[in-house]
Amino acid sequence: MAYLSLKGINKIYPNGFHAVHDFNLEIERGEFIVFVGPSGCGKSTTLRMIAGLENISNGEFCIDGKRANEIGPREREIAMVFQSYALYPHMSVYDNMAFGLSLQGVDDDVIDRKVQETARILGLTDYLDRKPRALSGGQRQRVAVGRAIIRKVGIFLMDEPLSNLDAKQRVTMRSEITDIHRKVGATTIYVTHDQTEAMTMADRIVCMKDGYIQQVGTPYDLYFKPVNMFVAGFIGEPPMNFVTSEVKGGKITVGKAELDLNAVLKADTLASYEGKKMVLGFRPEGTELGEQAESFVLNADVELTELLGDNTNVYVDIDGVKSILKVDPHDTPAMDTNIKFSIPYKNVYLFDGETEFVIEEGRK
Ligand code: ATP
């Protein structure tokens, strides 16, 4: 039996806005789940329903097999970390972490042991006497995390906890949170719009759009086996390139080039798409320079190159179709030149032009 179970969960706000539609998810004890999706897709609303801060319009939420819809937030044994750390500015780091336990009437020596242990896990031992204003953003964030994990609750909810940090701090905190999760083992639900956070931290990702779950799966599944164009375009940076074309004579066109889809699709599937729209998808990093075997080969004009250090983003124009390729920085082509590049068949994604679902059956 799953530890947390969300069955047919919907949220309709009092103004009639339907923010979450038929949300179904089973979460095992100790899992690290990330809700990801663009702004307004319903991530926070779902998290707040799990926290008990927002009532569930319909559907059933169970904790450990027991219906929890009507249980108040305090009784849910849940700790939450928000985007704004909400530390008490006049209290030391020690008191900020101890406060919740003091309110519960826990003995001072027990509190002291817990604060010291939590501070050690989070690398805050040297800062316990400081006030929040004398800490960096990352350190404040760690205090906020400390205040949540000190309660040893079973469920840990985090809503964009890293969004106030700079890029470097985010990378550090990302691995720290993963590390804390490993040490503490609490079931964690983490909300972000940042696909890199989702990919690097999650056991499983829940990708959402417009209040609907698009796909639930491991980071590997979402990256390599996206179910539709939305997930394919959301996961990966720079995003997957898409080219829409009508299928004619078993071929699609990219700029002036014709690609024979017999190389990647079985004959009967291909025949069923004749005259219909199909979308070719390929990831910037799924391409190779030059003419390779077992690949679609295309000509393109190099419009711009961006050296990033570990690779170069090459912005190309394929007879009017704009795309991005990711290449080894040592192979960066010169701007304003014409290049050949290859998309190995195994890196080709095809989507139904109407439904935007991936074409999986009938792939060679
Ligand atoms: P973000 O990343 O911007 O926080 P999100 O995915 O967390 O976005 P939610 O905050 O869950 O999105 O909001 C989902 C939708 O519900 C949005 O369109 C939002 O405007 C709407 N919404 C949120 N709160 C209310 C409310 N109290 N009343 C009506 N609509 C609301």
Side-chain angles (χ1 to χ4, degrees), residues 4-25 27 31-61 68-70 72-73 76 78-86 137 140-141 144-145 148 155-167 169-171 173-174 177 187-202 204-217 219 222 226-237 239 356:
L4 301 181
S5 156
L6 294 101
K7 284 206 185 91
I9 300 285
N10 284 268
K11 176 67 189 181
I12 302 161
Y13 279 110
N15 68 355
F17 185 74
H18 200 154
V20 176
H21 298 255
D22 196 28
F23 190 104
N24 290 292
L25 184 68
I27 300 173
E31 263 196 297
F32 197 116
I33 298 286
V34 177
F35 292 171
V36 74
S39 183
C41 70
K43 310 178 291 288
S44 300
T45 301
T46 309
L47 196 74
R48 291 170 60 80
M49 287 192 283
I50 293 171
L53 299 171
E54 212 53 86
N55 75 310
I56 295 169
S57 305
N58 52 60
E60 187 170 61
F61 171 53
N69 291 43
E70 290 78 25
R76 289 191 188 191
I78 279 173
M80 203 158 169
V81 179
F82 295 97
Q83 182 172 344
S84 56
Y85 323 129
R140 278 181 220 164
Q141 188 57 17
V145 171
I155 306 162
F156 204 24
L157 307 180
M158 302 200 207
D159 196 348
E160 305 254 4
L162 308 187
S163 53
N164 288 336
L165 305 182
D166 67 36
Q169 286 176 325
R170 275 212 297 273
V171 174
M173 274 307 287
R174 224 158 62 194
I177 288 179
T187 309
T188 304
I189 306 176
Y190 185 103
V191 163
T192 181
H193 61 268
D194 181 325
Q195 60 93 27
T196 313
E197 280 177 22
M199 288 295 284
T200 51
M201 301 172 89
R204 280 191 302 153
I205 297 173
V206 178
C207 184
M208 297 177 72
K209 180 194 170 210
D210 298 337
Y212 289 91
I213 293 184
Q214 303 291 304
Q215 187 168 5
V216 180
L222 269 77
V227 296
N228 59 25
M229 281 177 66
F230 177 79
V231 177
F234 194 81
I235 304 285
E237 180 57 37
E356 301 195 349

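For clarity, every value in this text was computed on a predicted model and none was experimentally measured. When a residue number appears, it is its place in the shown sequence, counting from 1. When a ligand or atom number is given, it counts from 1 through the structure's own listing order.
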(request) With sequence neighbours left out, write down each residue that passes salt bridge (Lys or Arg N to Asp or Glu O under 4.0 Å) with Glu31, or none if nothing qualifies. (result)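 With sequence neighbours excluded, Glu31 shows a salt bridge (Lys or Arg N to Asp or Glu O under 4.0 Å) to Arg204, given in chain and number order.
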(request) Kindly write out the residues that satisfy salt bridge (Lys or Arg N to Asp or Glu O under 4.0 Å) with Glu60, not counting sequence neighbours, or none if the list is empty. (result)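 With neighbours one apart ignored, the set is Arg67.
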(request) Before giving the answer on side chain to side chain donor-acceptor pair (under 3.5 Å), spell out for Lys11 and Asn55 the whole-Å C-alpha distance, their side-chain angles and the decisive distance to 0.1 Å. (result) CA-CA 8 Å; Lys11 176 67 189 181; Asn55 75 310; 3.0 Å; yes
(request) Using the test ring-ring contact (aromatic ring centres under 6.0 Å, His included), find all partners of Tyr13 that sit at least two apart in sequence or belong to another chain. (result)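 By the ring-ring contact (aromatic ring centres under 6.0 Å, His included) rule, Tyr13 matches no residue at all.
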(request) Flag the pair Phe35 / Phe23 as yes when their ring centroid distance falls below 6.0 Å, and as no otherwise. (result)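 Centroid separation for Phe35 and Phe23: below 6.0 Å.
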(message) Show me, by chain and number, every protein residue that has a heavy-atom distance under 4.0 Å to ligand 1.
(response)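 Residues near ligand 1: Tyr13, Asn15, Phe17, Ala19, Pro38, Ser39, Gly40, Cys41, Gly42, Lys43, Ser44, Thr45, Glu160.
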(message) Given 3.5 Å as the limit, does a donor-acceptor pair link the side chain of Lys43 with the main chain of Gly37, or not?
(response)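 Pair found, side chain donor or acceptor close to backbone of Gly37.
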